[in-house]
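Because only heavy atoms are used, hydrogens play no part in the values below, and waters and symmetry mates are left out as well, while side chains stay in.
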Amino acid sequence: MGNSLKENSVKISVCVAIHGVEKYLDKCLKSLQNQTNFNDYEVLLLLDSPLEGDVRVAQKYADSDKRFKIFNLDFKDQGLVRNYGCKVAQGEYVCFVDGDDYLEPNCLANFFEVIKKENPDIAISNYYLEKNGKKIKAFIHIKDNWHYKTNYKRAKAVASDIKIRGYVWNKIYRKDFLLNNNLVSVPAKFFIEDVTFNYFAFLKAQKIVTSNKYNYIYVFRKNSSLHFDPFVFIKKYLYSLALMRYYSLENDIEKTTNLSYFSKKIMLIVYGFQNFKSLKMNSCKYIRYINNEVNKIKKCDLSTYLKDKVFLDSYYFLVGDKASGEK
């Protein structure tokens with residue numbers, strides 16, 4: 001489980017991935033600067049191929065507050081940016097914030113209270129959704145000390161993405177737990193990297209705790225990476241399901257991905273219809289496509305994915321197979 005929190009060290013590192021979010025970034029960073037009842041944290045401003053406005057806002061905070069540190073990167077990928085942030089973080093715990101979201105004033109204090117008391121590998125909290133300027137509680141309500149008893153059940157819950165959502169931003173992680181277990185994000189360009197990251201993290205964690213506090217505000221916007229091109233999201237989702245399925249087969253833990261695939265089909269079909277104008281496919285053809293692709297994953301027919309270099313490279317990147325691809 002690791003040692004308890006050390007004295008006289010940075011307790012929490014907040015990693016902020018930044019690209020093209022000037023409109024939202026000031027509110028995000030102001031919420032980090034104005035955290036209450038807790039001050040022992042750093043903010044890593046991870047500028048990934050930033051636009052001019054991103055740099056201007058980030059520099060303003062770095063110039064005025066020594067806790068804010070700028071890193072200039074060129075990954076063009078949020079998952080890989082998070083991997084970098086974790087490596088350079090000085091904190092004993094790491095959390096991730098998207099540059100277009102923001103935190104409640106007591107977010108870090110609430111998390112610190114939990115990790116100081118429980119010393120977990122991962123802690124999870126509730127969050128708000130903000131849409132059209134209105135802040136509402138997420139439909140999933142997490143209770144204090146609500147958890148699953150085994151790693152398999154935890155991992156299945158994340159893969160299901162229903163009771164425990166796959167997001168990284170409503171969670172905080174012990175840094176040495178991540179590094180010692182080689183827990184990394186696959187490229188966000190090809191996968192829903194949050195879900196796959198948490199699937200592996202939940203499989204390997206020894207202690208996960210939950211808090212009913214509402215710490216994070218996720219800002220819904222149409223032009224975000226998840227809401228821009230529906231087929232990009234659909235392909236990422238299928239790739240992520242297949243990646244988790246393949247790992248579970250290879251490691252003889254298939255039950256971690258024996259999910260309600262029917263609900264996955266419905267979710268993807270509904271998502272497609274919500275973005276129907278951009279699908280460029282008639283409704284019957286789209287339904288058949290989703291049904292066939294999800295059925296293949298359910299039945300462990302992953303032959304198409306195993307011929308895909310991106311899929312295999314990402315798999316070996318996750319498992320650290322030096323014969324097939326170094327981390």
Side-chain angles (χ1 to χ4, degrees), residues 9-112 125 127-135 167-173 175 185 188 194 214-228:
S9 62
V10 175
K11 302 299 188 295
I12 297 175
S13 294
V14 183
C15 299
V16 187
I18 299 170
H19 172 79
V21 290
E22 177 191 4
K23 180 180 177 182
Y24 308 90
L25 187 58
D26 191 66
K27 186 173 185 178
C28 172
L29 300 187
K30 187 174 292 183
S31 76
L32 282 164
Q33 188 175 55
N34 294 335
Q35 287 294 294
T36 58
N37 301 314
F38 181 70
N39 193 50
D40 200 356
Y41 63 95
E42 64 174 358
V43 181
L44 309 185
L45 303 176
L46 305 170
L47 293 161
D48 186 28
S49 304
L51 303 183
E52 183 178 342
D54 299 327
V55 176
R56 183 169 58 251
V57 176
Q59 194 66 55
K60 179 178 74 171
Y61 284 88
D63 288 344
S64 63
D65 193 323
K66 64 181 181 180
R67 296 172 300 181
F68 287 70
K69 305 167 185 177
I70 287 179
F71 296 84
N72 292 298
L73 309 172
D74 190 28
F75 290 112
K76 298 182 177 68
D77 189 282
Q78 188 167 337
L80 302 183
V81 168
R82 287 174 182 158
N83 292 341
Y84 180 89
C86 186
K87 287 182 180 178
V88 299
Q90 298 298 306
E92 294 177 57
Y93 279 80
V94 181
C95 63
F96 303 99
V97 175
D98 290 347
D100 50 356
D101 297 334
Y102 61 102
L103 305 184
E104 287 287 278
N106 273 329
C107 174
L108 298 184
N110 290 340
F111 266 133
F112 183 68
S125 77
Y127 61 94
Y128 293 104
L129 298 172
E130 184 181 289
K131 191 172 183 180
N132 300 323
K134 293 183 179 180
K135 191 172 74 173
Y167 312 127
V168 297
W169 37 253
N170 70 325
K171 302 173 179 67
I172 191 166
Y173 307 84
K175 180 185 173 181
S185 290
D194 290 29
Y214 283 79
N215 290 330
Y216 194 95
I217 299 93
Y218 171 78
V219 180
F220 180 93
R221 58 189 183 98
K222 274 288 186 180
N223 60 339
S224 72
S225 58
L226 280 184
H227 306 288
F228 187 70

Among residues at least two apart in sequence or on other chains, which ones pass side-chain contact (heavy atoms from CB on, under 4.5 Å) with Asn39? Tyr41, Arg67
Is any NZ, NE, NH1 or NH2 atom of the basic residue among Lys27 and Asp101 found under 4.0 Å from an Asp or Glu carboxylate oxygen of the other? no
In plain terms, say whether Arg56 and Asp54 are close enough for a salt bridge, that is, a side-chain N and a carboxylate O under 4.0 Å apart. no
Closer than 4.0 angstrom, basic N to acidic O: yes or no for Lys11 and Glu42? no
Working to the nearest 0.5 angstrom, can you tell me the gap between Lys175 NZ and Glu92 CD? 10.5 Å
Among Tyr127, Trp169, Tyr24, find the residue that satisfies the ring pair (Phe, Tyr, Trp, His ring centres under 6.0 Å) test when tested with Tyr218. Trp169
Do Ile70 and Gln59 come within less than 4.5 Å of each other through their side chains, counting heavy atoms only? yes
Going through the checks in order, is the side-chain contact (heavy atoms from CB on, under 4.5 Å) test met by Leu29 and Leu45? CA-CA 9 Å; Leu29 300 187; Leu45 303 176; 3.6 Å; yes
Salt bridge check: are Arg82 and Asp77 linked by an N-O gap of less than 4.0 Å? no
Taking the side chain as C-beta and beyond, is there a heavy-atom pair between Tyr61 and Lys30 under 4.5 Å? yes
Would you tell me whether Ser125 and Asn170 have side-chain atoms, one donor and one acceptor, within less than 3.5 Å of each other? no
Check whether the side chains of Tyr102 and Glu130 place a donor and an acceptor atom closer than 3.5 Å, and report yes or no. yes
Is there side-chain contact between Lys134 and Leu129, with at least one heavy-atom pair below 4.5 Å? no
With rounding to the nearest 0.5 Å, note down the distance linking CG in Leu47 to CD1 in Ile18. 4.5 Å
